[in-house]
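Please read the structure below before turning to the comments.
In what follows, chains carry the letters A, B, and so on, assigned in the order in which the sequence lines appear, proteins first and then strands, with residues in each chain numbered from 1.
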Number of protein chains: 2
Amino acid sequence: MTRYSGFVQVADTAMHPPFAVTVDLVVLTVRDGCLQALVVERGAEPYSGRLALPGGFVRPDENLVSAATRELAEETGISRSAGHLEQLATYGEPDRDPRMRVVSVAYLALAPDLPEPVAGTDAAASRFLPIEPLLRRRGQLAFDHGTILADGIERARSKLEYSALATAFCPKEFTVAELRAVYEAVWGDELDPRNFHRKLTSTPGFLTATGETTTRGGGRPAQLYTRGTTTLLNPPILRG
Amino acid sequence: MTRYSGFVQVADTAMHPPFAVTVDLVVLTVRDGCLQALVVERGAEPYSGRLALPGGFVRPDENLVSAATRELAEETGISRSAGHLEQLATYGEPDRDPRMRVVSVAYLALAPDLPEPVAGTDAAASRFLPIEPLLRRRGQLAFDHGTILADGIERARSKLEYSALATAFCPKEFTVAELRAVYEAVWGDELDPRNFHRKLTSTPGFLTATGETTTRGGGRPAQLYTRGTTTLLNPPILRG
DNA sequence: CCAAAAGTGTTTGATTTACACCCATGG
DNA sequence: CCATGGGTGTAAATCAAACACTTTTGG
């Protein structure tokens with residue numbers, strides 16, 4: 001099988017081996033009290049029928065973030081403005097795709113719980129699944145996507161500890177208890193509601209009170225907040 | 001100017017735009033009490049005569065770490081075993097190289113202070129320069145290497161805070177004072193020698209005493225240590 | 001009024017900081 | 001014996017965990 005047919009010819013006459021470049025996405029959300037990841041079922045060879053991460057080829061005149069943003073919108077309907085998007089890592093083992101030499105730039109996206117992937121688009125084939133079974137069977141995922149998924153989850157967990165990233169899983173306005181539920185879902189640990197509340201509200205610039213309250217959790221009305229300007233949390237929520 | 005002459009033809013008949021893939025290296029060391037970065041002077045267009053980061057094309061059957069390791073050895077004589085090497089980020093703006101579409105995977109390397117780059121090799125053209133002037137004139141660097149360098153330094157600083165990475169700047173055996181000098185060089189801050197000593201020696205598994213002592217710092221002989229097995233430091237050296 | 005969740009105050013123990021002090025060497 | 005840096009002890013200040021207690025809603 002011909003892996004690729006030639007070399008890229010550039011103007012200075014040097015010859016460089018050609019690569020295809022893709023972006024792959026680890027999209028995480030918190031749903032039903034647990035951390036879930038977005039997967040698609042592959043419809044074509046190789047790995048037809050297997051679960052894979054959403055992603056696709058980078059276009060000739062598109063930068064990497066744009067490609068990731070575009071794929072995210074195409075496959076989930078999530079716009080860049082909600083949630084959070086950051087580069088994760090790049091994967092380039094020569095045999096990671098049996099067809100040809102593909103280097104994949106992986107992105108990590110954190111999104112609030114959405115109604116459902118938008119039907120009638122590519123997103124129809126995509127769905128959120130709890131990460132525990134996915135990680136246990138990571139070898140079943142297409143390509144090296146099991147590794148990419150594990151790396152993305154590890155990154156998300158470690159960044160949540162000492163940054164305001166958890167708010168990316170919440171809707172625009174949220175209560176302290178909703179934010180706490182995110183932390184508890186990500187680690188499985190229980191946190192003391194009272195100390196958690198004090199810690200976050202006493203960090204200046206971390207949360208911005210809207211002045212509105214809600215009773216959607218039951219009980220006494222809770223203050224609604226939006227993300228503040230401070231992104232770093234020092235010391236972190238969980239201590240090792 | 002022809003940016004590239006064609007498309008990569010793969011066996012399944014799909015056509016994908018061809019990219020060249022390179023690795024670029026941010027190599028840091030502590031020398032003369034300050035953080036320094038390895039740069040080379042470019043000998044060819046584009047950016048001839050400008051300072052650039054060491055790096056080069058990824059070969060057809062080579063993975064990304066191997067390419068980074070190879071370039072590091074070729075340009076500095078540093079072997080993988082000394083120091084530390086990790087992936088930093090990937091840069092893929094369509095116009096970052098005027099010749100063609102190049103995606104560059106950047107690696108961050110931390111190395112102990114070496115005698116000198118090995119002469120008679122590619123390394124002859126490379127040298128360590130203090131990071132302050134380089135960062136001030138980051139716009140002068142070839143391609144987007146100013147951005148890559150800044151990202152690498154930021155990553156190194158933030159990882160040093162809460163991990164054992166600082167030992168990568170030290171020779172195999174080192175004293176607590178030598179390790180403290182690394183932290184002081186990286187941030188410019190002064191740290192209390194006594195509390196610093198207590199903190200590191202009381203973290204189990206962080207440092208391994210060799211039993212040997214040295215008087216190379218003057219004064220009372222200091223215990224020599226090697227890196228321990230524990231990589232994480234919690235809480236970190238510097239508090240925000 | 002009761003249950004449920006939000007939010008505050010206070011106690012206790014751990015951690016950090018600052019700095020006094022002793023130790024072991026070279027000159 | 002003195003200067004130099006290595007290393008230990010300790011008290012005061014700060015911070016975090018645990019939990020009793022008050023507040024404000026819905027039913």
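Rounded to an integer number of Å, the gap from A:Leu191 CG to D:dA18 P is 11 Å. Rounded to a whole Å, the CD atom of A:Glu190 is 14 Å from the P atom of D:dC19. The separation between A:Leu224 atom CG and D:dT25 atom C1' is 15 Å, rounded to whole Å. Protein atom CG of A:Asp192 is 8 Å distant from nucleotide atom C1' of D:dC19, rounded to whole Å.
With sequence neighbours excluded, no residue forms a side-chain hydrogen bond (donor to acceptor under 3.5 Å, both in side chains) with A:Gln223. Taking the salt bridge (Lys or Arg N to Asp or Glu O under 4.0 Å) definition, one finds that A:Asp144 meets it with A:Arg96, sequence neighbours left out. Applying the salt bridge (Lys or Arg N to Asp or Glu O under 4.0 Å) rule to B:Glu184 yields the partners B:Arg180; only residues at least two apart in sequence or on another chain are considered. Applying the ring-ring contact (aromatic ring centres under 6.0 Å, His included) test to B:Phe143 and every residue at least two apart in sequence or in another chain returns B:Tyr47, B:His145. The salt bridge (Lys or Arg N to Asp or Glu O under 4.0 Å) search around A:Glu86 returns A:Arg155, A:Lys159, not counting sequence neighbours. Residues satisfying the side-chain hydrogen bond (donor to acceptor under 3.5 Å, both in side chains) criterion with B:Arg194, sequence neighbours excluded, are B:Asp192. Taking A:Glu132 as the reference, nothing meets the salt bridge (Lys or Arg N to Asp or Glu O under 4.0 Å) condition, with sequence neighbours excluded.
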Query raised in the report: How does protein reach along nucleotides 5-14 of chain D, written 5' to 3' as B (base within reach of a heavy atom under 4.0 Å), S (only sugar-phosphate), or - (no contact)?
Result: BBBBBB----
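Note on residues 199-223 of chain B: no pairs pass ring pair (Phe, Tyr, Trp, His ring centres under 6.0 Å), not counting sequence neighbours.
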Show me the side-chain donor-acceptor pairs of residues 166-177 of chain B shorter than 3.5 Å, one per line, residues at least two apart or across chains.
from	atom 1	to	atom 2	distance (Å)
B:Thr167	OG1	B:Ala164	O	2.8
B:Thr175	OG1	B:Ala177	N	3.4
B:Thr175	OG1	B:Glu178	N	3.1

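Terminal axes of the helix from C:dC1-D:dG27 to C:dG27-D:dC1 (five pairs each, C1' rotation axis) are separated by 0°, to the nearest 10°.
Residues from residues 204-216 of chain B lying near DNA chain D, meaning a heavy-atom separation below 4.0 Å, are absent.
Of the candidates B:Asp24, B:Asp151, B:Thr22, B:Asp151 is the only one forming a side chain to side chain donor-acceptor pair (under 3.5 Å) with B:Tyr91.
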